[in-house]
Amino acid sequence: MKKIFASYCYLVFLGFFFLSPISPVRGQDSMHIRRDTLKADFVTQMGTFFKESSKKSLIDLEQDRAIIRQNKIFEEIKIISRQAGAFLKKGFDTVSLKLELDQIAAWHKLSQDGVFENKGSSQTSRNLTTTFNILNALQMEVKGYKRNVDHYQSQLVNYRLQIDSLTNDKSLPYPTIPWS
């Protein structure tokens, strides 16, 4: 039995020895190096990951910049709104202005008497000069009041334009129209 087993092992050994030159592995060039496809796939995947991460980082950066800009705009709107509110609280004394204008109208009517209405036979130079001076002084006062009202109105319009320009900024998420 030992002899049979030894001869069987000998035949198997010879079979492998003589059949091995025919095998496909023997025919290949041993200098040919195959690339590791798993490693190349990992490198490709990492390159793709880094490209996507870079794009995402740029998008995040732009969003952060937009949020910072939006916050600055909202703060500026708050500041201007507070200034406008304080300006409106200080207000314009329209009651006093109306009383002053009524007084000017009364002085105007009084200065007309004797020159434009109820005039006598002749106008004296003194009457005409006095009436001219009174009307000129009244005109100057009315111009001063008008200048004050115009300044007040232009300041209100200026606040409105500042808030409008800030609310229409492109960095805000949607256009707002506060005055409509």
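Side chains included, hydrogens not; waters and symmetry mates left out as well; all remaining heavy atoms used.
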Residues that Ser165 engages under side chain to side chain contact (heavy atoms under 4.5 Å, CB included), provided they are two or more places apart: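 Applying side chain to side chain contact (heavy atoms under 4.5 Å, CB included) to Ser165 gives none.
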
Can you check salt bridge (charged side-chain N to carboxylate O under 4.0 Å, His left out) on Lys78 and Glu75, steps first, answer last? CA-CA 5 Å; Lys78 285 180 188 176; Glu75 287 301 317; 3.5 Å; yes

Run the numbers on Leu61 and Arg65 for side chain to side chain contact (heavy atoms under 4.5 Å, CB included), then give the verdict. CA-CA 6 Å; Leu61 179 66; Arg65 285 182 181 166; 3.8 Å; yes

With distance as the sole test, does Ser54 use its side chain to make a donor-acceptor pair with the main-chain N or O of Phe50 at under 3.5 Å? no

Hey, what's the ring geometry for Phe87 with Tyr152, parallel, tilted or perpendicular (30° and 60° as the breaks)? parallel

When rounded to the nearest 0.5 angstrom, what distance separates [atom1] in [X] from [atom2] in [Y]?
{"X": "Ile163", "Y": "Asn158", "atom1": "CD1", "atom2": "CG", "answer": "10.0 Å"}
{"X": "Leu99", "Y": "Asp93", "atom1": "CG", "atom2": "CG", "answer": "8.5 Å"}
{"X": "Lys146", "Y": "Leu97", "atom1": "NZ", "atom2": "CG", "answer": "12.0 Å"}
{"X": "Asn133", "Y": "Leu128", "atom1": "CG", "atom2": "CG", "answer": "11.0 Å"}
{"X": "Ser154", "Y": "Arg147", "atom1": "OG", "atom2": "CZ", "answer": "12.5 Å"}
{"X": "Ser111", "Y": "Asn136", "atom1": "OG", "atom2": "CG", "answer": "11.5 Å"}

Over 12 non-hydrogen atoms of neighbours within 6.0 angstrom of CD in Gln153: no

More than 12 heavy atoms of other residues, nucleotides or ligands under 6.0 Å from CE of Met140: is that the case? no

Mind checking whether Ile104 and Phe132 sit in one hydrophobic cluster, side chains of I, L, V, M, F, W, Y counted as touching below 4.5 Å?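 Result: no, two separate clusters.
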
Set of residues satisfying ring pair (Phe, Tyr, Trp, His ring centres under 6.0 Å) with respect to Tyr145, sequence neighbours excluded: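 So Tyr145 forms no ring pair (Phe, Tyr, Trp, His ring centres under 6.0 Å) with any residue.
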
Listed partners of Phe74 passing ring pair (Phe, Tyr, Trp, His ring centres under 6.0 Å), at least two apart: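 Partners of Phe74 by the ring pair (Phe, Tyr, Trp, His ring centres under 6.0 Å) criterion come out as none, since no residue qualifies.
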
Minimum heavy-atom separation for [X] and [Y], please, with both atom names.
{"X": "Trp107", "Y": "Ile134", "value": "O-CG2, 4.5 Å"}
{"X": "Leu88", "Y": "Leu156", "value": "CD2-CD2, 3.4 Å"}
{"X": "Val142", "Y": "Leu101", "value": "CG2-CD2, 4.4 Å"}
{"X": "His108", "Y": "Leu135", "value": "CD2-CD2, 3.1 Å"}

In terms of side-chain heavy atoms, does Gln155 have a donor or acceptor partner in His151 at a distance below 3.5 Å? no

Lys72 side chain reached by Ile68 side chain, heavy atoms, under 4.5 Å: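 Touching, per the 4.5 Å side-chain cut-off.
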
